[in-house]
Novice: 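My questions will all concern the structure given below.
In this text the structure is predicted, and so the values were computed from the model without any measurement. FYI, side chains are in, hydrogens and waters are out, and symmetry mates aren't considered; it's all heavy atoms of this structure.
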Amino acid sequence: MAEREREYAAGLTEAQARAQSQSGRVVKLNSNENPLGCSPAARIAMAHATMQAHRYPPAVAQELNVALAQRLGVAEECVVTTAGSVQLIELLLGLTCAGGRGEALSFAPCFPAFAHRAKIMGVEHRQVPLGSDFGMDLGALGQAVDERTRLVYVANPDNPTGRIVSRAELLDFARSLPKDTLLLVDEAYLDFADDPQAVSVLGVLDQVPHLGIIRTFSKAYGLAGARVGYGVLPVAIARELRTMQLPFAVSGPSIAGALAALTDEDFRRQSAELAREGRKYLQQELTRLGCEIVEGQGPFVMFRPQREAGKVFESLLKQGVAVRPLDYAGLPEWLRVSTGTQEDNEEFVKALGVALRE
Ligand SMILES: Cc1ncc(COP(=O)(O)O)c(C=O)c1O
């Protein structure tokens, strides 16, 4: 595999975007980050925790596991905390599929980190295309399951489309799977959904033994840089992952930040509200500017401009607005813009107007 193909296709960093901006500023709307930053309580807790930077954190972030278990109303043994949810994805691929034990299944496109980790770990990963309207057809996914399938990954809402499936559909789907096939539902963006169909499977985990969820502090809690994710998983799997996981994986400041973030529900609510309003505004404005949009539920909007997407991306970047090209997902005509503050969103719309006229 060529080195480039093996690299993870991340969005441009702020410094990379700045180097290409001709306007001296960057409106960073390419990685679905929280435009409000993080909770002040989390920031203070992380700053305090750096005083203990010379000490190892606990090998397993048990205090955070306990706090999450209490918050979610689940048994502590079901909770696993990792350095970002991508690490949990890697651990799960390792446990269920690596070494030729089985294969992974997801939609195409899916969250690129899932496909990337499978590729790098040499795990066979089959993908079922999304429907023509980018809908997630769980029936089609189910038909692709075979006796080697050990892990099925569904992000709800999905990335980059923002499409959702209902809890009832997920529950039926989980029940249809063989008992040794784990259905992993990634709820990274569920906080931002306002469709009543978008409901967590947390409340039904006890109904199916091979169903689990992963979540992250990177989005609604605004702690993407701190790298904290967690899973609520079948006990036997959670136990195994806690044993397998890299000792000290979640740093002391990150544990402190996540614990403090959990105490600031207002911040999470405010972040979700801002993203929902931003999404509505961006959907309206993109439509007004003649772009095709996917009506999703994430803190982002996927859109197809009438002009070549690559050219629009370049023009936006020169104007200081970074969005995400979706060629990595096999969608070269599409772009994805994250919701920002209202001011960010307006800057984007203004720059897009220019990009479309050039
Ligand atoms: C579907 C999905 N899951 C999870 C994440 C977050 O991953 P992490 O917790 O590693 O930051 C993202 C981030 O973009 C995502 O799009």
Novice: Can the ring centres of Trp334 and Phe134 be said to be less than 6.0 Å apart?
Specialist: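 Aromatic pair counts; centres sit under 6.0 Å.
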Novice: Should Glu14 and Arg18 count as an ion pair when the cut-off is N to O under 4.0 Å?
Specialist: yes
Novice: Are any of the side-chain nitrogens in Glu124 or Lys119 under 4.0 Å away from the carboxylate oxygens of its partner?
Specialist: no
Novice: Are any of the side-chain heavy atoms of Lys280 and Glu277 separated by less than 4.5 Å?
Specialist: no
Novice: Output yes when Glu103 and Arg126 qualify as a salt bridge under the 4.0 Å nitrogen-oxygen rule, no when they do not.
Specialist: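 A salt bridge is present here (some side-chain N lies under 4.0 Å from a carboxylate O).
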Novice: Taking the side chain as every heavy atom from C-beta outward, state whether Val154 and Leu183 have any pair of such atoms under 4.5 Å apart.
Specialist: yes
Novice: Give a yes or no on this: more than 12 heavy atoms of other residues, nucleotides or ligands lie within 6.0 Å of atom CD of Gln306.
Specialist: yes
Novice: Check whether any side-chain heavy atom of Arg324 lies under 4.5 Å from a side-chain heavy atom of Leu12, and answer yes or no.
Specialist: no
Novice: Checking side chain to side chain donor-acceptor pair (under 3.5 Å) against Ser39, which of Asp264, Asn34, Asp266 comes through?
Specialist: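 Of all the options given, the one that passes is Asp264.
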Novice: Taking only distance into account, with no hydrogens and no angle test, what donor-acceptor pairs under 3.5 Å do side-chain atoms of residues 190-197 form with protein atoms, sequence neighbours excluded?
Specialist:
residue, atom, partner, partner atom, Å
Asp191, OD1, Arg268, NH1, 2.3
Asp194, OD1, Arg279, NH2, 3.1
Asp194, OD1, Gln297, NE2, 3.4
Asp195, OD1, Gln197, N, 2.7

Novice: Could you check whether Glu33 pairs with Lys219 (Lys NZ or Arg NE/NH1/NH2 to Asp/Glu carboxylate O, under 4.0 Å)?
Specialist: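 Looking at Lys219 together with Glu33, the answer is no, because their closest N to O distance does not fall below 4.0 Å.
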Novice: Can you confirm if the NZ or CZ of Arg336 lies within 45° of the ring axis of Phe300 and under 6.0 Å from the centre of its six-membered ring?
Specialist: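 Verdict for Phe300: a cation-pi partner in Arg336.
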Novice: Any chance you could lay out the side chain to side chain contact (heavy atoms under 4.5 Å, CB included) test for Leu352 and Leu289, step after step, and finish with the verdict?
Specialist: CA-CA 8 Å; Leu352 181 64; Leu289 289 168; 3.8 Å; yes
Novice: Can you find a side-chain donor-acceptor pair between Ser106 and His125 that sits under 3.5 Å?
Specialist: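 There is such a pair between these side chains.
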Novice: Pick one: which of Leu211, Val165, Ile164 meets side-chain contact (heavy atoms from CB on, under 4.5 Å) with Leu170?
Specialist: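 The side-chain contact (heavy atoms from CB on, under 4.5 Å) with Leu170 is passed solely by Val165 among Leu211, Val165, Ile164.
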Novice: Just so I know, are the side chains of Asp186 and Asn159 near enough to count as touching, which here means a heavy-atom distance under 4.5 Å?
Specialist: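 They are not in side-chain contact.
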Novice: For a quick test of reading the model, state the closest non-hydrogen atom pair linking Pro109 to Asp158 and the distance between them.
Specialist: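 Smallest interatomic distance, heavy atoms only, reads O-OD2, 4.3 Å.
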Novice: Taking atom types as modelled, is there a side-chain donor on Gln319 or Ser23 under 3.5 Å from an acceptor on the other?
Specialist: no
Novice: Does Leu223 reach the side chain of Ser254, with side-chain heavy atoms less than 4.5 Å apart?
Specialist: no
Novice: Quick one: OG on Ser21 to NZ on Lys28, what's the gap to the nearest 0.5 Å?
Specialist: 13.5 Å
Novice: Is it true that Arg288 and Glu285 make a salt bridge, defined as a side-chain N closer than 4.0 Å to a carboxylate O?
Specialist: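 A salt bridge is present here (some side-chain N lies under 4.0 Å from a carboxylate O).
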Novice: Should the ring pair Phe303 and Phe348 be called parallel, tilted or perpendicular, given that the plane angle runs from 0 to 90° and is split at 30 and 60?
Specialist: perpendicular
Novice: For the pair Glu333 and Arg304, find out whether any cationic side-chain nitrogen is under 4.0 Å from an anionic carboxylate oxygen.
Specialist: yes
Novice: Check the side chains of Ser200 and Arg215 for a donor-acceptor pair under 3.5 angstrom, ignoring hydrogens and angles.
Specialist: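 Looking only at side-chain atoms, Ser200 and Arg215 do form a donor-acceptor pair, the distance falling under 3.5 Å.
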Novice: For residues 74-90, pull every pair meeting side-chain hydrogen bond (donor to acceptor under 3.5 Å, both in side chains), keeping only residues two or more places apart or in separate chains.
Specialist: Gln62-Glu76, Asn65-Thr81, Glu90-Arg117
